[in-house]
Amino acid sequence: MNIAVYCGSSAGSKEAYTIGAVTLGMWIAENGHTLVYGGARGGLMGTIANSVLSNGGKVIGVLPQVESIQNRRHQFLTEYIDTKDMAERKAKMIALADAFVALPGGPGTLDEISDVISLARLHLIDAPCVLFDMNGFYQPLKNVLEGMEKAGFAEPEDFEKVLISEDMKEIGAFLSGC
């Protein structure tokens, strides 16, 4: 299975984020899956790529032709795919992936995982979407999603392909079972 992971190009302020990225990377490699990600060498992006690679897994980096991003390119990936811009990169990662995981990150991470949650809600993709809730990072977003339901803008089944969890065993079972 190809697993797209969206995450920060920085490490964030909590060690738990790095530990979670290493743990997820190990799980991806040990279970014979392939990481699809943004191709950077730093932050959580570099951490998960290095974890997958050091545990014998495969990593596909998808990078837009944006100089500031190309300057942060990881040099040791299994495969590189260059795209003309961020929109093409996002579409390519979605096309390549069978499942999606968001580690903590910034606005780009939120944009990317929101897009796939919307596509799953509309049944345009049939893939699990996981928000890896390290240190409660995604609790505010969980509240927003629940608020959408309470306010009548979404139904519970709209989020049946979405898991918000910090438990790697639960995440692994969800990814493997969908």
Side-chain angles (χ1 to χ4, degrees), residues 1-9 12 16-40 43-62 74 77-79 81 89-105 108-142 144-146 154-178:
M1 167 173 27
N2 286 350
I3 301 174
V5 176
Y6 305 118
C7 58
S9 60
Y17 305 152
T18 299
I19 292 168
V22 169
T23 302
L24 179 61
M26 288 173 53
W27 182 87
I28 289 171
E30 290 170 358
N31 287 277
H33 304 304
T34 298
L35 170 65
V36 176
Y37 87 117
L44 296 182
M45 293 176 82
T47 299
I48 191 164
N50 291 337
S51 178
V52 172
L53 292 167
S54 67
N55 285 284
K58 295 179 182 169
V59 179
I60 300 171
V62 183
H74 197 297
L77 304 182
T78 310
E79 181 180 347
I81 299 172
R89 169 183 151 175
K90 187 172 13 172
K92 186 64 173 177
M93 288 179 68
I94 291 169
L96 289 170
D98 304 301
F100 303 87
V101 177
L103 297 173
T109 302
L110 182 59
D111 170 57
E112 292 165 322
I113 198 66
S114 294
D115 198 13
V116 295
I117 289 171
S118 294
L119 293 171
R121 179 179 183 232
L122 295 170
H123 305 288
L124 297 174
I125 60 172
D126 184 26
C129 303
V130 173
L131 295 117
F132 199 152
D133 192 33
M134 293 172 248
N135 222 34
F137 185 84
Y138 281 112
Q139 288 305 300
L141 183 56
K142 180 179 180 184
V144 170
L145 298 177
E146 289 171 351
E155 300 296 325
E157 59 269 11
D158 290 340
F159 303 119
E160 65 188 13
K161 291 282 189 177
V162 178
L163 174 69
I164 301 172
S165 177
E166 64 181 336
D167 182 318
M168 194 58 231
K169 287 184 182 180
E170 181 181 25
I171 291 169
F174 185 78
L175 290 172
S176 298
C178 284

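Each residue takes its place number in the sequence, starting with 1.
- M134 is not listed as a side-chain neighbour of I19, based on a closest heavy-atom distance of 4.5 Å or more.
- Residues D111 and K90 are paired through a salt bridge, judged by an N-O separation under 4.0 Å between the basic side chain and the carboxylate.
- In this structure, T34 and T78 have side chains that are not in contact, with every pair of non-hydrogen atoms separated by 4.5 Å or more.
- Using a 4.5 Å heavy-atom threshold, the side chains of L77 and L53 count as touching.
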Item to complete: Take N31 and L175, measure what side chain to side chain contact (heavy atoms under 4.5 Å, CB included) needs, and give me the verdict at the end.
Response: CA-CA 11 Å; N31 287 277; L175 290 172; over 6 Å; no
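- The shortest distance between side-chain heavy atoms of E112 and R89 falls below 4.5 Å.
- Within the structure, salt bridge (Lys or Arg N to Asp or Glu O under 4.0 Å) pairs that include any residue of residues 23-38 do not occur (at least two apart or interchain).
- Taking 4.5 Å as the limit, every side-chain heavy atom of I164 sits out of range of all side-chain heavy atoms of L141.
- Remark: the backbone N or O of M26 is paired with a side-chain donor or acceptor of S51 at under 3.5 angstrom.
- Using a 30° and 60° split on the angle between ring planes, H74 and Y37 fall in the perpendicular class, above 60°.
- Within the structure, salt bridge (Lys or Arg N to Asp or Glu O under 4.0 Å) pairs that include any residue of residues 93-104 do not occur (at least two apart or interchain).
- A donor-acceptor distance shorter than 3.5 angstrom exists from the side chain of Y138 to the backbone of L103, with no hydrogens or angles considered.
- Considering only heavy atoms from C-beta on, W27 comes within 4.5 Å of H33 through its side chain.
- Shown here are the ring pair (Phe, Tyr, Trp, His ring centres under 6.0 Å) partners of F137, two or more places apart in sequence or in another chain: Y17.
- Here the side chains of I28 and I48 are in contact, with some heavy-atom distance below 4.5 Å.
- For the pair I117/L131, a side-chain contact is recorded, criterion being any heavy-atom separation below 4.5 Å from C-beta on.
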